[in-house]
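For reference, the structure is listed below as structure tokens.
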Amino acid sequence: MSIIQEHLFNPLVCLNTIRPQIAILGVLLLALVDHAGATAEYEYKPGELLVIKDGKSPDKKFSIVSGDADRKGGFGGVYLTDAQTKEVLGKLDAVATTLDSAPDAYRAHWSPDSKHVGITSRAERHWAENVIYRIENRRAYFVDTPELLCHAVPKFCALTEQLGGGSAEDKPEEVWQKQRGSEIVKWISPTRFVVFEEQQWKVKTRDPTATLGNYARVEKDDSGETDNAASLYYVWFKAEGECELLPGDKMRVVSTRPVKDQKADE
């Protein structure tokens, strides 16, 4: 299973002109986190390492691979390697590897100078994570990457904290997260890039519409299956954000824009 179908962006195109492509990517990323298949599996031979989707760096010096670096057979994780010598330089522990093992289930997004790489993979069937590493002296250093959600809609973020938000429906919280997907869609420069992010939430009792602005679609559950004393609201959040890498392996969100929800027109 390919995690996201091939999508190419002209590096000379400005941000405003790539917004239609980002909307399309949103559909593809949603397909990723809501894929009918439980896992994308591959049986690795002892010592077998395969380059993930777009895993080779632009300068051809490094590759992101998945496989069995310990030569024990089976899937061991995702690694940074020397593209020429095939030497394993280190395991990328922050990459989500709990669900899929096939190399096409992981996608790399290298910066144009090959000094940073974003990697997208699934932690759960409905949960796609994006992590970023800085590559220096043949080593990978984890970069802290905040979500777009709290930058774009801080009032909704505060509401989820107030209501005790979580990711499991069997907990007593009044708000819980159903799905999450995040991926770098374009590098603007060696230190700036565009991220697409989408999340799905359920909120009990309180109508969250006023906290979300144009960043989300909200629907009230009128099925009659919920407790009459408590309304249930479904939230679909989608945004693109321009982000900047900072010293100390940090990142800041420069700006965000809502992404049109295709379902709203159906």
Side-chain angles (χ1 to χ4, degrees), residues 19 22-36 96 98-99 120-131 144-185 194-243 250-266:
R19 295 181 69 182
I22 291 177
I24 293 172
L25 176 61
V27 176
L28 297 173
L29 189 54
L30 180 60
L32 161 66
V33 298
D34 195 30
H35 196 276
T98 54
L99 185 65
T120 301
S121 61
R122 294 193 300 174
E124 302 173 12
R125 182 178 166 224
H126 303 287
W127 211 273
E129 296 284 0
N130 173 62
V131 299
D144 184 36
T145 54
E147 296 181 355
L148 299 185
L149 179 75
C150 289
H151 184 279
V153 286
K155 291 183 179 179
F156 178 76
C157 195
L159 176 65
T160 63
E161 293 178 0
Q162 178 185 354
L163 298 178
S167 59
E169 294 187 39
D170 57 355
K171 295 181 180 180
E173 290 90 349
E174 294 185 352
V175 57
W176 57 90
Q177 191 170 4
K178 295 285 293 178
Q179 295 188 6
R180 181 176 184 272
S182 179
E183 183 169 31
I184 294 175
V185 295
V194 177
V195 169
F196 173 82
E197 182 177 298
E198 63 179 335
Q199 300 191 24
Q200 293 187 15
W201 293 77
K202 285 186 178 180
V203 180
K204 189 177 180 181
T205 304
R206 302 193 192 185
D207 185 346
T209 303
T211 68
L212 290 160
N214 295 325
Y215 281 91
R217 175 169 58 93
V218 180
E219 291 184 2
K220 185 177 180 180
D221 184 0
D222 294 322
S223 64
E225 298 178 0
T226 58
D227 185 349
N228 291 333
S231 299
L232 185 63
Y233 300 88
Y234 295 87
V235 175
W236 288 267
F237 166 86
K238 292 186 179 183
E240 64 181 66
E242 182 178 337
C243 303
K250 303 291 184 181
M251 184 195 92
R252 75 181 183 102
V253 180
V254 178
S255 63
T256 57
R257 302 178 180 86
V259 173
K260 187 176 181 181
D261 191 340
Q262 299 298 317
K263 291 183 179 180
D265 295 331
E266 292 178 358

Report the residues that fulfil side-chain hydrogen bond (donor to acceptor under 3.5 Å, both in side chains) with [X], sequence neighbours left out, ordered by chain and then residue number.
| X | result |
| --- | --- |
| Y215 | T256 |
| R206 | none |
| T145 | none |

Okay, side chain of E129, backbone of A96: is any donor-acceptor separation there less than 3.5 Å?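 No: the side chain of E129 does not pair with the backbone of A96.
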Under the 3.5 angstrom rule, does the side chain of E240 hit a backbone N or O of V194 as a donor-acceptor pair?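 Such a contact is absent between E240 side chain and V194 backbone.
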Please tabulate, for side-chain N and O atoms in residues 207-214, each donor-acceptor pair with protein atoms closer than 3.5 Å (sequence neighbours left out).
from: D207; atom 1: OD1; to: T209; atom 2: N; distance (Å): 3.0
from: D207; atom 1: OD1; to: T209; atom 2: OG1; distance (Å): 2.6
from: T211; atom 1: OG1; to: P208; atom 2: O; distance (Å): 2.7

I want to check something: taking the side chain as every heavy atom from C-beta on, are [X] and [Y] in contact at a cut-off of under 4.5 Å?
| X | Y | result |
| --- | --- | --- |
| V203 | L163 | yes |
| W236 | E219 | yes |
| Q199 | Q177 | yes |
| K202 | L232 | yes |
| I184 | C243 | no |
| R180 | E147 | yes |

Just how far is it from atom [atom1] of [X] to atom [atom2] of [Y], taken to the nearest 0.5 Å?
| X | Y | atom1 | atom2 | value |
| --- | --- | --- | --- | --- |
| C157 | Q162 | SG | CD | 12.0 Å |
| Q200 | W176 | CD | CH2 | 13.5 Å |
| K250 | D144 | NZ | CG | 4.5 Å |
| R125 | L99 | CZ | CG | 9.5 Å |

What closest approach, in Å, do A216 and V235 show between heavy atoms, and which atom pair accounts for it?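 That closest heavy-atom pairing would be CB-CG1, 3.9 Å.
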Nearest non-hydrogen partners of A128 and T120, listed with the distance: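 A128 and T120 have their closest heavy atoms at CB-CG2, 4.5 Å.
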With sequence neighbours left out, what residues match F237 under ring-ring contact (aromatic ring centres under 6.0 Å, His included)?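 Checked F237 against ring-ring contact (aromatic ring centres under 6.0 Å, His included); zero matches.
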Going by the ring pair (Phe, Tyr, Trp, His ring centres under 6.0 Å) test, which pairs reach into residues 144-163, not counting sequence neighbours?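 For residues 144-163: F156-W201.
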